[in-house]
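Notes follow once the structure below has been shown.
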Amino acid sequence: MQGTRGQVLKLNDRPSAVGQEVFVIGAPKGLEFSLSRGVVSSLRDRDGILQIDAAINPGNSGGPVLDARNCVAGIATFKYNDSEGLNFAVSAAAVRDFLKRLPAAGEGSAGGSDDTARVPYPEARPSEPEGVAPGAPSVCVFRRGDQADAERIPCRLSRLQNDNGQTIYDLAWADGSRNAYAFFESGKVLIQASDGQGGSGSDEGRFQVGAAGVAIQSSPGNLAFIPGLNPVLN
C-alpha cells in the first residue's frame, strides 16, 4: 500500500491544565488510526507527566496526545493495568526540554576516560537527592528494549558516595531489585544492578536530564525514567 506523508505536528507552547480536553491517536492492539477522547485529570512530577482519562492501550505508546488546537500536549507513555482511566503521557514541555538537550551528532562518544571503571555499590549513609521529597517513595518508569510498552513501578531513591568519592544514586525497585547509577559530565551513566536474588551485573549507557527528571538508556536498549531527579555529575 502506498504511504502518504503527513504534516509535522506542532508541540504545544502552552502549559496543560486540569480539565483540558485531549485526544489520543494511535494503534491500540494494532487497530491503526484509532481515536480516543478525554481530559487532563491531573499534572504529575512537576507538570512533566499528564494524567489523562482518554483511553490508551498497548499500541498507543509513543503516539500523540492532542489538545483542542491540534497541538501535541504530550506523548502517550503508560497506564495502570489494573485500573480504568489512569493513563499517562510525557508532557510537551518535558519533550521540548529533552530535545534541547540532545547532543549533536558525534558528541558524547564513550571510551578512554576514568569513568569507565566499574561503579562499586556504595557503603555510606544515604541522603535524599535534590528534588525528591525526603523519605518519600516515588514512581519510576521502565521499558525493556524488546518491549513496546513501559511499566510504572514504585521506587525509592537515595544519594550516596562511594569509596572513590563519586556521587552514586541507589534506586530500589518495588520488586526487590536495585540499580546504582553514577552520572558523568560526558553524558555517560554507569550502572551496577542487583536482581535481589543474588545476581548482579554492570552496564553503561547515556542519560538526558529534563524538567521532569532524568531518562536513562542502557546498552540493551532498556529505558528508565526517574522523576524529580537532577543528578550531581561526577
Side-chain angles (χ1 to χ4, degrees), residues 1-105 131-132 138-143 147-153 206-217 223-230:
M1 184 172 112
Q2 181 66 37
T4 301
R5 183 181 295 275
Q7 295 183 346
V8 176
L9 294 172
K10 180 182 178 183
L11 282 175
N12 195 353
D13 55 3
R14 303 176 185 176
S16 295
V18 174
Q20 170 187 318
E21 191 173 34
V22 289
F23 306 86
V24 178
I25 298 176
K29 298 295 186 179
L31 300 173
E32 296 182 341
F33 305 111
S34 295
L35 174 71
S36 59
R37 175 183 177 186
V39 298
V40 175
S41 304
S42 186
L43 303 174
R44 305 290 182 188
D45 297 329
R46 300 189 212 175
D47 300 347
I49 300 292
L50 307 181
Q51 179 184 329
I52 60 176
D53 67 357
I56 64 173
N57 290 283
N60 280 117
S61 296
V65 176
L66 303 175
D67 63 13
R69 300 185 301 140
N70 295 325
C71 293
V72 177
I75 303 296
T77 310
F78 55 92
K79 63 178 291 186
Y80 277 129
N81 290 327
D82 57 351
S83 302
E84 295 294 332
L86 291 177
N87 310 312
F88 300 87
V90 177
S91 72
V95 173
R96 191 187 303 276
D97 187 71
F98 176 81
L99 293 175
K100 286 180 181 178
R101 294 171 181 270
L102 282 176
V132 179
S138 186
V139 178
C140 298
V141 180
F142 181 77
R143 191 189 75 189
Q147 296 180 351
D149 297 304
E151 298 179 84
R152 186 175 164 91
I153 305 174
R206 310 295 299 175
F207 72 93
Q208 293 288 337
V209 180
V214 60
I216 302 165
Q217 181 171 15
L223 293 172
F225 180 76
I226 305 173
L229 176 61
N230 184 17

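Values below: every heavy atom of this structure, side chains too, minus hydrogens, waters and symmetry copies.
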Open item on the list: Evaluate Asp53 against Val39 for side-chain contact (heavy atoms from CB on, under 4.5 Å), listing each step before the verdict.
Closed with: CA-CA 6 Å; Asp53 67 357; Val39 298; 3.7 Å; yes
Open item on the list: side chain to side chain donor-acceptor pair (under 3.5 Å) for Arg69 and Asn12? Distances and angles first, verdict last.
Closed with: CA-CA 9 Å; Arg69 300 185 301 140; Asn12 195 353; 2.7 Å; yes
TODO: Please test Arg96 against Asp13 for side-chain contact (heavy atoms from CB on, under 4.5 Å), starting from the C-alpha separation and ending with a verdict.
DONE: CA-CA 9 Å; Arg96 191 187 303 276; Asp13 55 3; 4.2 Å; yes
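The minimum heavy-atom distance between Gly48 and Ala212, with the atom names listed, is CA-CB, 3.5 Å. Between Ile25 and Leu35, the closest heavy-atom pair is CG1-CD1, 3.8 Å. Closest approach of Pro15 and Gln20 over heavy atoms only: O-OE1, 4.3 Å.
Distance alone, capped at 3.5 Å, is enough to place a donor-acceptor pair between the Asn87 side chain and the Ala54 backbone. A donor-acceptor pair is defined here as one N or O able to donate and one able to accept, closer than 3.5 Å; no such pair exists between the side chain of Lys29 and the backbone of Asn57.
When the side chain to side chain contact (heavy atoms under 4.5 Å, CB included) test is applied to Glu21, the partners found at least two apart in sequence or on another chain are Phe23, Arg37. Considering only residues two or more places apart in sequence or on other chains, Val72 meets the side chain to side chain contact (heavy atoms under 4.5 Å, CB included) condition with Leu9, Leu11, Pro64, Leu66, Ile75. For Ile153, the side chain to side chain contact (heavy atoms under 4.5 Å, CB included) criterion is met by Phe142, Glu151, Trp173, Ala174, not counting sequence neighbours.
We find the CZ-CZ distance between Phe225 and Phe78 to be 8.5 Å, quoted to the nearest 0.5 Å.
For the pair Ile49/Leu43, no side-chain contact is recorded, criterion being any heavy-atom separation below 4.5 Å from C-beta on. Side-chain contact between Ile216 and Leu223: absent, with no pair of heavy atoms (C-beta onward) separated by less than 4.5 Å. Contact check for Ser91 versus Ser16: no side-chain heavy atoms found under the 4.5 Å cut-off.
Under the side-chain contact (heavy atoms from CB on, under 4.5 Å) test applied with Ser36, the options Asn60, Val24, Val22 reduce to a single match, Val24.
Using cut-offs of 30° and 60° for the angle between ring planes, the Phe88 and Tyr80 rings count as perpendicular.
A donor atom on one side chain and an acceptor atom on the other are found under 3.5 Å apart for Gln51 and Arg44.
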